[in-house]
Amino acid sequence: MGTLKAVRGTRDLLPPETELWNRVEAVVRGVFARYGFGEIRTPVFEDTQLFARGVGEETDIVSKEMYTWQDRQRSESGVGQSLTLRPENTAGVVRAYIEHKLADSGMLQKLYYIGPQFRRERPQRGRYRQFWQIGAEVIGPAWSGSDSAIRDAEVLEMLATLLDELGIKGWRLALNSVGSSTDRPRYVAALREALEPVKAGMCENCQRRAETNPLRVLDCKEPGDQAVIDALPKIAEYLDEASREHFAQVKAALDACGVAYVVEPRLVRGLDYYTRTTFEFTVADGSGLGTQNALLGGGRYDGLSEMLGGPKAPGIGFAIGEDRLILTLQAQMALAADATLGAKKLDAFIAPMGVAQNAAALVLAKELRAQGLTVEVGDGTFRLRKSFEAADKLAHRMVIVGEDEVSSGILTVKYFEAGEQTKVPRSELAQVLRG
RNA sequence: GCGGCUAUAGUUCAGUGGCAGAACGCCGCUCUGUGGCAGCGGAUGUCGUGGGUUCGAAACCCACUAGCCGCCCCA
């Protein structure tokens, strides 16, 4: 073993890429604020039970992708608590909602988060073991209107606006309803029954899915299986009247807002807590994501709070894969030959001539920075030539601080773009550099 | 977790068994307080790691690690 490296599936984010991350997050926070969301920050690790109960024991996430360990034993209880790095953030948000009795306000809660999540999957482009999600949840007691279709439509309209403001091109919204918490098991049972006589003729994957997770069969892309899949029962036929009406209202509101969507009866989502509306935003091939083309996903979870021992509190939420969002932006920027990926140039580079001028140069830098200018300082041991070379890469202008300048208070400013040079009194320097 | 491809300089890559290479970038000099251009010069390095085959391995073999692609699943 030689030098230490970031562990598999994790990565460092360095400048100037982090600047893009910050820009994205600034846009996100702005949009969320306009829609009335406030930020929540929950712990990165939680009691393992939270995810087992919330996300679902049988899901891939819980059954094989969690980073779980036993905490150090406490003196009296004997066994340490089982803890898990959060694989997603909705369960944590709902846990906090219950714990802090937010339902008692009677108000709709609109909460958003930005933070790392952890899943032990095979890493791939756009899929990391520590990855970042930007998510939001709308949750509240039923009388707050949290189960209304207007909330679903509002969230989807916000996402469309957000992607547009971020400059994501070619996104596509896929929409479906998986029915209420009673519709869904009925449908799964019907699927299982319908698959029993025909599954032998399907691909290997589907034969396995027919046993483990019949809903997944609907996702199969194997051409030979499509005829069989088309003949399977449709989820829409298993929705009760209320769910059907709810879905119709969501679609009508989206139509009214001019948000384009495609109803995909086959869109099923992996987490157990989803009810009624489920959705996914994807980008076209060639947007830098390969087959990991889902930018964000989400849905309604009317029973989650109760599953976690809380009050009845319907909700809807989503999670954006921030890594994938950035990857897409980078690919689309490169495609558009957008040259703004590089670091921004500073307002000024200050070049002390000789070590004796170092302190004076640093004082000048301090003054300029205090006035909001971005400034870098050289070193007096540099020859002037070297200062110029460094300055030209970093900044738009260079300020020379030599003996003459310090004693006279008149500084020499070089403008790289114009190739011109002027003398500026120290009192006017900040103003000149700002221009 | 399964399958495939890949790993050489800071970067992008060439190098099919015989001295470790190119381009870009970097550093120095031409040029002592005036950059970009140009000329000349220099350093690029555990050839991913460990083992094996061979007189000799960056190259062939094995294992491991990591990345990418596909599957699974998902953000």
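Quick note on labels: first sequence line is chain A, next is B, and so on, each numbered from 1.
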* To do: Just call it for G135(A): base, sugar-phosphate, or nothing, with non-hydrogen atoms closer than 4.0 Å on any strand.
  => nothing
* Would you mind checking if R300(A) and D152(A) are paired as a salt bridge, meaning a charged N to carboxylate O distance below 4.0 Å? => yes
* **Candidates G4(B), G67(B), G33(B) - which lies nearest the side chain of R385(A)** => G33(B)
* Quickly work out the R122(A) CZ to G3(B) C1' distance and round it to whole Å. => 8 Å
* To do: Indicate, with a heavy-atom threshold strictly under 4.0 Å, whether Q421(A) touches base, sugar-phosphate, or nothing.
  => base
* Asked: Has R8(A) got a side-chain N or O lying under 4.0 Å from the OP1 or OP2 atom of A66(B)?
  -> yes
* **Whole-Å C1' distance, A14(B) and C40(B)** => 26 Å
* To do: Provide the Watson-Crick or G-U wobble partner of U12(B), both distances under 3.5 Å; none if there is no partner.
  => A22(B)
* Assign the ring pair F32(A) / Y112(A) to parallel, tilted or perpendicular, where the plane angle (0 to 90°) is split at 30° and 60°. => tilted
* Asked: Could you give the CZ-to-P distance, from F118(A) to C73(B), as a whole number of Å?
  -> 24 Å
* **Inter-nucleotide P distance (U30(B), C13(B)), Å rounded** => 37 Å
* Give G9(A) one of three labels, base, sugar-phosphate or nothing, depending on what nucleic acid heavy atoms sit under 4.0 Å from its own. => sugar-phosphate
* Working for side chain to side chain contact (heavy atoms under 4.5 Å, CB included), residues D164(A) and I168(A) -> CA-CA 6 Å; D164(A) 286 343; I168(A) 296 281; over 6 Å; no
* Asked: R120(A) has an atom CZ; how far is it from atom C1' of G1(B), in whole Å?
  -> 9 Å
* Atom-to-atom span, CD of Q207(A) to P of C72(B) - whole angstrom -> 14 Å
* Interatomic distance at P, C61(B) relative to A66(B), whole Å -> 22 Å
* Watson-Crick or G-U wobble partner for C2(B), using a 3.5 Å limit on both distances? -> G70(B)
* Name the pairing partner of C31(B), where a pair is Watson-Crick or G-U wobble with both distances under 3.5 Å, or state none. => none
* Asked: Expressed in whole Å, how much space separates the C1' atoms belonging to U8(B) and U16(B)?
  -> 15 Å
* To do: Could you please spell out the steps behind the side chain to side chain contact (heavy atoms under 4.5 Å, CB included) verdict for E264(A) and L175(A)?
  => CA-CA 6 Å; E264(A) 282 195 3; L175(A) 191 64; over 6 Å; no
* Taking the same atom, P, in G1(B) and in G48(B), what whole-Å distance lies between them? -> 25 Å
* Short side-chain N/O contact from K393(A) to OP1 or OP2 of G36(B), under 4.0 Å -> no
* Asked: Looking only at side-chain N and O atoms, does Q124(A) come under 4.0 Å of OP1 or OP2 in G67(B)?
  -> no
* On a whole-Å scale, what distance lies between the C1' atoms belonging to G25(B) and A9(B)? -> 11 Å
* **R383(A) CZ - G33(B) P separation (whole Å)** => 5 Å
* Sugar-phosphate, base or nothing in reach of K386(A), heavy atoms under 4.0 Å -> sugar-phosphate
* **Sugar-phosphate, base or nothing in reach of E65(A), heavy atoms under 4.0 Å** => sugar-phosphate
* What is the base-pairing partner of G36(B), counting Watson-Crick and G-U wobble geometry with both distances under 3.5 Å? -> none
* In terms of the angle between their ring planes, are F281(A) and W171(A) parallel, tilted or perpendicular, with boundaries placed at 30° and 60°? -> tilted
* Classify the nucleic acid contact of G402(A) as base, sugar-phosphate or nothing, counting any heavy atom under 4.0 Å across all strands shown. => base
* Inspect the contact between E237(A) and K234(A) and indicate whether a charged nitrogen and a carboxylate oxygen are less than 4.0 angstrom apart. => no
* Asked: Between E367(A) and R426(A), is there a side-chain N and carboxylate O pair less than 4.0 Å apart?
  -> yes
* To do: Find which nucleotide of RNA chain B each of V401(A) and A6(A) is nearest to by heavy atoms, and output the residue with the more 5' nucleotide.
  => V401(A)
* Rounded to whole angstrom, note down the P distance from C60(B) over to C24(B). => 30 Å
* Asked: Between C73(B), G33(B), G35(B), which one does the side chain of L384(A) approach most closely?
  -> G33(B)
* E405(A) near the nucleic acid: base, sugar-phosphate alone, or nothing, with a heavy-atom cut-off under 4.0 Å? -> base
* Hey, does I134(A) reach any base, or is it just sugar-phosphate, or nothing, if we go heavy atoms under 4.0 Å? -> nothing
* Asked: Within the pair R125(A) and G67(B), is there a side-chain N or O less than 4.0 Å away from OP1 or OP2?
  -> no
* Both distances under 3.5 Å, Watson-Crick or G-U wobble: report the partner of C47(B), or none. => none
* Asked: P atom, C69(B) versus G18(B): distance in rounded Å?
  -> 34 Å
* Paired with U53(B) by Watson-Crick or G-U wobble geometry, both distances under 3.5 Å: which nucleotide is it? -> none
* Asked: Any luck finding a side-chain donor-acceptor pair between S180(A) and D302(A) under 3.5 Å?
  -> no
* Asked: Atom CZ of R129(A) and atom P of C73(B): how far apart are they, to the nearest Å?
  -> 18 Å
* What's the CZ-C1' distance between F349(A) and G36(B), to the nearest Å? -> 16 Å
* Asked: Quick one: Y415(A) OH to G36(B) P, roughly how many Å, whole number?
  -> 21 Å
* Asked: With a non-hydrogen cut-off below 4.0 angstrom, is F318(A) in contact with a base, only sugar-phosphate, or nothing?
  -> nothing
